[in-house]
Amino acid sequence: MRKVISAILVLIVLVALVACGEKSETKTPANEEAVQNPIRVDELPFKTVIEGLRPVAKELALQTPVNAFKVSENIYEQSFAIGVISADAVLAISSKDDTKLKGYTEVLIEYSKNIGLKDEILKMADEIQSVLSNNEETKWEQLEKLILEYQTQVQYALYDAVMYDQFTLMQLGGWSEGLNKITSIYLKNWDEKAVKDAINQKAIINGLVYNLTYVQSKKIKESAYYNIAFDGFKEIKEIIYSISDEEFFSIEDIEKINKISAKIVESVRK
C-alpha cells in the first residue's frame, strides 16, 4: 500500500504543477518589468508516474468521479477545473475507463477553448478524442503520451502568456483534487509511516501557498473559493509543520486534510 500511495503522491505533484524544491529550469516571462517574482515551472518525469500506477488501476478507478468536474463560465474557475479534470483523467487512463475519460476530455476541450488557449493546444485535445474513439488496445499508451503532453503544453501556454493567475488556479485545482484522493485512500488503508511519507511535503505546500499569495486579480481574491483555498492551505501547512521528524500524523490530521481539500474543490463546482 505504501508503494501505491507514493506513486499517487507523485502523480498529483505532476498534475498540480506545483513548483517545489530546487528549480531544474525557470522560464522567463514575456514582460519582466510587469512581474517582479514570477512563479516557477519544473520538469518532472511524467512517464515514470504512469508506469507506477498500472498495478493499482482498479483501486484508482474507484477514486475518480463518474462525471467530469463542471464549473461556471468564469475563465478563472475553468482554469481551476482543468487542473481537477487533468488529475482525474490521468487516473482514468490508468484504469482504462473509456466512458469516464471521454467525458473528462470533452470538458477539457470546452474549457481550454474558453480560457483562450492556442489552436495548437486545442488540436492536441481533439486528437485525444480521436484516439479515444478507436477500439484498439494499443490506444492507451498513445493516450498516456497525449494527455501528459497536453498538460505540459497547457502549463507552458499559460505561463508564456503571462497568465500566472490562471496557471496558479490550474495548479490549485489539480493539487486539491489529488490531495483529496490521496487522503481518501489512506483513511481506508491506514499506514502511519506511508501517510507521513506522502503528506509531509513541505516544499510543495510552501510553493502552492506562495503562488496563491502572488495572485493579482482582484476578482479572484474577492471570490469565496479563493479565500477558502487560501485559508485551507494555510491550515494544511500548519498540520504538516505540526509534527517533528520522529512523529507521525494522526488519523484526525488526515481527516482534516481530506475535508479541507474536499471543501476547496466543492467551493468551485457548478
Side-chain angles (χ1 to χ4, degrees), residues 1-24 39-46 48-53 55-56 59-60 62-64 83-84 86-88 90-91 94 151 155 168-214 228-265:
M1 187 63 197
R2 185 174 303 163
K3 183 176 181 181
V4 171
I5 299 300
S6 296
I8 296 172
L9 174 66
V10 179
L11 161 71
I12 302 309
V13 174
L14 297 180
V15 174
L17 308 172
V18 177
C20 58
E22 294 297 323
K23 295 173 288 185
S24 60
I39 56 179
R40 300 179 298 273
V41 180
D42 294 274
E43 297 288 351
L44 293 168
F46 294 130
T48 301
V49 175
I50 296 301
E51 291 293 338
L53 292 173
V56 294
E59 184 170 1
L60 290 174
L62 297 175
Q63 297 298 319
T64 56
V84 173
S86 294
D88 290 332
V90 174
L91 300 183
S94 300
Q151 293 170 350
Q155 167 187 351
T168 296
L169 290 172
M170 178 180 174
Q171 179 188 72
L172 173 64
W175 177 246
S176 298
E177 174 75 350
L179 188 58
N180 183 255
K181 297 297 182 282
I182 292 171
T183 52
S184 293
I185 292 176
Y186 268 133
L187 290 172
K188 296 176 182 177
N189 303 274
W190 185 251
D191 182 330
E192 62 180 15
K193 174 65 168 61
V195 77
K196 181 177 181 180
D197 291 342
I199 302 300
N200 192 31
Q201 303 295 326
K202 295 177 180 177
I204 294 171
I205 295 297
N206 287 338
L208 182 53
V209 171
Y210 167 79
N211 284 345
L212 284 171
T213 303
Y214 182 77
I228 289 172
F230 190 82
D231 292 341
F233 271 97
K234 282 171 53 178
E235 187 174 350
I236 290 173
K237 181 176 179 178
E238 290 176 1
I239 293 172
I240 289 176
Y241 273 86
S242 69
I243 64 169
S244 68
D245 292 341
E246 294 75 30
E247 295 176 318
F248 296 99
F249 294 112
S250 67
I251 292 178
E252 289 73 22
D253 289 333
I254 303 307
E255 287 176 338
K256 287 180 183 178
I257 293 175
N258 181 265
K259 290 179 180 178
I260 291 169
S261 56
K263 184 178 180 179
I264 293 169
V265 173

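The first residue in the sequence is number 1, and the count goes up from there.
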Euclidean distance, Asn200 CG relative to Tyr241 OH, rounded to 0.5 Å: 9.0 Å
Closest non-hydrogen atom pair, Ala229 against Leu212: O-CD1, 4.3 Å
Nearest heavy-atom contact between Asn180 and Ala262 is ND2-CB, 3.4 Å
Return yes if some donor-acceptor pair links the side-chain N/O of Asn258 with the main-chain N/O of Glu255 below 3.5 Å, else return no. no
Less than 4.0 Å between a side-chain N and a carboxylate O, is that true for Glu192 and Lys196? no
Check against side-chain contact (heavy atoms from CB on, under 4.5 Å), Trp175 and Ile205: CA-CA 10 Å; Trp175 177 246; Ile205 295 297; 3.8 Å; yes
Over 60° means perpendicular and under 30° means parallel, so tell me whether Tyr214 and Tyr210 are parallel, tilted or perpendicular. parallel
Work out which heavy atom in Ala87 is nearest to a heavy atom in Glu177; give both atom names and the distance. CB-CG, 4.2 Å
Can you find a heavy atom in the side chain of Ile260 that is under 4.5 Å from one in the side chain of Asp231? no
Please check if the number of heavy atoms outside Lys202 that lie under 6.0 Å from its NZ is greater than 12. yes
Heavy-atom nearest pair, Ser176 first then Phe233, reads OG-CE1, 3.5 Å
Any side-chain heavy-atom pair from Phe249 and Ile257 closer than 4.5 angstrom? no
How close do Ile199 and Ile240 get, heavy atom to heavy atom, and via which atoms? O-CD1, 3.4 Å
Please tell me if the side chains of Lys181 and Asp88 come closer than 4.5 Å, counting only heavy atoms from C-beta onward. yes
OG1 of Thr213 to NZ of Lys234: how many Å apart, nearest 0.5 Å? 8.5 Å
